[in-house]
Amino acid sequence: MNIYFYLNAHKAFSSNPTVVFAGMNYGVILLGTLIGYFYFKEKLSKLNVLGLLLSVISIGLLIYSQLSS
C-alpha cells in the first residue's frame with residue numbers, strides 16, 4: 001500500500017517531489033509509532049509525543065503550502 005500511495009502522491013504533487021518524500025517519511029514513522037503504541041503496548045515519552053505532534057504539523061504545513069500555490 002505504501003508504494004500505491006507514494007505513486008499517487010507523486011501524481012498529485014508532481015511539481016514538488018520534496019513534499020511527497022518528506023510527507024511519506026513522516027507518515028511511515030507516525031504509523032509505525034502508532035502501531036507500536038496500540039498493538040505492542042509500547043510506552044511513549046513526552047518527547048516522543050511532542051515529536052509526533054510536530055511531524056503532523058509539518059506534514060500539514062507542507063501540504064498547505066502546495067495547495068495554496
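Note that this is a predicted model, so its numbers are computed, not measured. Residue indices begin at 1 and follow the sequence shown.
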Open item on the list: Apply the hydrophobic cluster definition, ILVMFWY joined by side-chain contacts under 4.5 Å directly or through others, and give me every member besides I3.
Closed with: L7
TODO: Tell me, please, which residues at least two apart from F21 pass ring pair (Phe, Tyr, Trp, His ring centres under 6.0 Å).
DONE: none
Review item, side-chain donor-acceptor pairs of residues 55-63, under 3.5 Å, at least two apart:
{"residue": "S55", "atom": "OG", "partner": "L52", "partner atom": "O", "Å": "2.7"}
{"residue": "S58", "atom": "OG", "partner": "L54", "partner atom": "O", "Å": "3.3"}
{"residue": "S58", "atom": "OG", "partner": "S55", "partner atom": "O", "Å": "2.8"}

- [ ] Apply side chain to side chain contact (heavy atoms under 4.5 Å, CB included) to F40 and list each qualifying residue two or more places apart in sequence or on a separate chain.
- [x] I35, E42
Task: S45: side chain to side chain donor-acceptor pair (under 3.5 Å) partners, not counting sequence neighbours - done: N48
Task: V49: side chain to side chain contact (heavy atoms under 4.5 Å, CB included) partners, not counting sequence neighbours - done: L44, L53
Task: Contacts of S15 that satisfy side chain to side chain contact (heavy atoms under 4.5 Å, CB included) - sequence neighbours left out - done: Q66
- [ ] Determine which pairs satisfy side-chain hydrogen bond (donor to acceptor under 3.5 Å, both in side chains) with at least one residue from residues 25-39, sequence neighbours left out, and list them in order.
- [x] none
Open item on the list: Strictly by side-chain hydrogen bond (donor to acceptor under 3.5 Å, both in side chains), give each pair with a member in residues 3-12 just once, sequence neighbours left out.
Closed with: Y4-N8, Y6-H10
